[in-house]
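Throughout, numbering of the chain's residues begins at 1 and tracks the sequence.
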Amino acid sequence: MSSPFQPFTPADGGRRAQEWNWQEEQYQAQDPWAQQESQYKRPQYQQQYQEPQYQEPQYQEPQYQEPQYRQPVYETYHQPQEYQQYQPSQPAYTPPEPRARKSRSKPILFGLVAALVLVSGWQAFRVETIIQSSNDLTEAVNTSQGRVDELEKQRTSVAFDSEGIAEDVLPSVFRVRAGEFTGTAFAVSEANGRTSLFTNFHVVEETFEGGDRQVTLERGNTRINATIVKVDQEKDLALLRANREIKALGIAGGEVKSGQQVLVAGAPLGLEDSVTTGVISAFRNTEDGPTIQFDAPINPGNSGGPVVNSSRQVVGIATAKARDAEGIGLAIPIEVACETLGACGNG
């Protein structure tokens with residue numbers, strides 16, 4: 001499509017065309033590049049272009065050449081001159097002077113002394129420890145012994161069965177009637193259908209001094225005749241014998257100990273099959289001979305009755321009660337009665 005406007009150009013070139021050409025020439029005179037371009041357009045600077053002719057390359061077979069091997073050459077490294085001049089000079093080596101030889105005897109001696117001191121201290125410590133351990137052991141043994149005694153007392157206290165003891169003892173204990181006096185007797189041995197019994201002399205004293213030797217043993221509805229066989233007035237002992245078998249009580253061996261529990265059986269005030277309990281208060285040697293003190297209550301009628309321990313064995317013969325005092329009873333040791341009357345174990 002053509003532009004609706006066309007630049008006006010006079011047919012003869014006119015003044016405007018001349019002015020335009022002048023301006024163009026003036027521009028070309030000022031532009032050096034335009035002058036160079038015009039020079040290259042001149043005929044003397046134009047060269048004719050000739051198209052190169054293609055020639056087919058000729059192939060030549062390569063020839064093999066054996067490679068040549070060369071031993072590498074290693075050059076010694078030389079420090080540059082500029083570094084060599086800055087290296088400090090090293091002094092000549094001088095061997096150290098020999099040290100004076102020290103004596104080894106002193107350290108060894110000090111070590112021996114220190115070891116001896118340590119051993120002595122250790123031995124002293126061990127001896128002190130052993131002594132302390134021995135003291136502690138002794139104290140522990142004493143404490144244990146006291147504890148054992150206490151436990152024994154508790155065991156004895158718990159083991160003391162007064163009901164069972166009374167049940168075993170009473171069938172062998174009788175009320176003795178001798179004239180107008182009454183007391184207690186108990187069986188100590190039996191043999192050949194006969195039984196020996198102990199009682200106090202003061203129980204049968206009136207009958208014996210009257211020349212009569214017969215007494216009566218009573219227990220409930222049972223009546224047994226007995227004979228006075230032997231007496232010891234000084235020791236207040238009498239031996240009775242019945243022509244009937246009666247279960248004998250056991251005889252305790254050894255001395256009694258304070259605190260030992262006992263049971264006393266008898267007929268106080270004529271009341272047969274009575275029992276009281278207590279403990280041994282002391283064992284005393286008096287003008288009348290060895291005597292057992294106990295705190296079980298007794299009354300007239302208990303004289304001649306057995307004092308029995310927890311093993312159901314007779315330890316003494318109740319003989320008297322302290323006047324104007326309560327809780328003080330006296331008994332003759334059973335071994336004294338057996339030695340005096342000679343009836344224990346042989347009937």
I want to check something: taking the side chain as every heavy atom from C-beta on, are [X] and [Y] in contact at a cut-off of under 4.5 Å?
X      : Y      : result
Thr216 : Asn225 : yes
Val315 : Val308 : no
Arg219 : Asp273 : yes
Arg244 : Leu217 : no
Val314 : Phe186 : yes
Glu167 : Ile165 : no
Gln260 : Asn309 : yes
Leu249 : Pro306 : yes

- Message: Which residue in the set Thr184, Leu240, Ile334, Leu237 passes side chain to side chain contact (heavy atoms under 4.5 Å, CB included) when paired with Phe198?
- Response: Ile334
Considering non-hydrogen atoms only, spot the tightest contact between [X] and [Y] and give its length.
X      : Y      : answer
Ala282 : Ser258 : CA-OG, 3.8 Å
Thr319 : His202 : O-CE1, 3.5 Å
Ala267 : Gly183 : CB-O, 4.4 Å
Pro268 : Ser274 : CD-CB, 3.4 Å
Ser189 : Ala248 : N-CB, 3.5 Å

Measure the [atom1]-[atom2] distance between [X] and [Y] for me, rounded to the nearest 0.5 Å.
X      : Y      : atom1 : atom2 : result
Asp168 : Glu163 : CG    : CD    : 11.0 Å
Asn200 : Asp232 : CG    : CG    : 11.5 Å
Ser303 : Lys321 : OG    : NZ    : 11.5 Å
Thr182 : Glu272 : OG1   : CD    : 11.0 Å
Ile228 : Leu197 : CD1   : CG    : 12.0 Å

- If you measure from the Lys or Arg side-chain nitrogens to the Asp or Glu carboxylate oxygens, is any gap between Arg223 and Glu218 under 4.0 Å? yes
- Item | Electrostatic pair Glu190:Lys247 at N-O distance under 4.0 angstrom | no
Answer yes or no: is there a donor N or O on one side and an acceptor on the other, between the side chain of [X] and the main chain of [Y], under 3.5 Å?
X      : Y      : value
Asp236 : Phe201 : yes
Thr195 : Ile246 : yes
Asp161 : Gly164 : yes
Thr276 : Pro297 : yes
Asn302 : Ile298 : no

- Message: Using side-chain contact (heavy atoms from CB on, under 4.5 Å), reason through Phe181 and Val204 one step at a time and then give a plain yes or no.
- Response: CA-CA 8 Å; Phe181 291 92; Val204 298; over 6 Å; no
Taking distance alone, no hydrogens or angles, what donor-acceptor pairs closer than 3.5 Å link side-chain atoms of residues 206-215 to residues at least two apart or in another chain?
unit_1, atom_1, unit_2, atom_2, d
Asp212, OD1, Gln214, N, 3.2
Arg213, NH1, Phe208, O, 3.1
Gln214, NE2, Thr227, OG1, 3.3

Is there a path of hydrophobic side-chain contacts, each under 4.5 Å between heavy atoms of I/L/V/M/F/W/Y residues, joining [Y] to [X]?
X      : Y      : answer
Leu170 : Leu263 : yes
Ile317 : Val336 : yes
Val176 : Ile224 : yes
Val275 : Phe160 : yes
Phe174 : Val203 : yes

- Item | Worked check of side-chain contact (heavy atoms from CB on, under 4.5 Å) between Ile280 and Ile292 | CA-CA 7 Å; Ile280 300 296; Ile292 297 174; 3.7 Å; yes
- Message: Using the side-chain hydrogen bond (donor to acceptor under 3.5 Å, both in side chains) criterion, which residues pair with Asn243? Sequence neighbours excluded.
- Response: none
- Message: Run the side chain to side chain donor-acceptor pair (under 3.5 Å) test on Gln132 and Asp136 for me, step by step, so that the C-alpha distance in whole Å, both residues' side-chain angles and the decisive distance to 0.1 Å come before the verdict.
- Response: CA-CA 6 Å; Gln132 184 64 30; Asp136 295 342; 3.2 Å; yes
- Message: Looking only at the side chains, is there a donor atom on one of Thr286 and Thr291 sitting less than 3.5 Å from an acceptor on the other?
- Response: yes
- Query: Are Asp295 and Ser281 close enough that a side-chain donor and a side-chain acceptor fall under 3.5 Å?
  - Reply: no
- Item | Stepwise side-chain contact (heavy atoms from CB on, under 4.5 Å) check, Val188 with Leu341 | CA-CA 11 Å; Val188 292; Leu341 302 176; over 6 Å; no
- Query: Between Ser196 and Arg241, does a side-chain contact (heavy atoms from CB on, under 4.5 Å) hold up when you go through it step by step?
  - Reply: CA-CA 5 Å; Ser196 297; Arg241 183 163 293 162; 3.6 Å; yes
- Query: Quick one: ring-ring contact (aromatic ring centres under 6.0 Å, His included) pairs with a partner in residues 279-298, sequence neighbours left out?
  - Reply: none
- Just wondering, more than 12 heavy atoms not from Asn192 lying within 6.0 Å of its CG? no
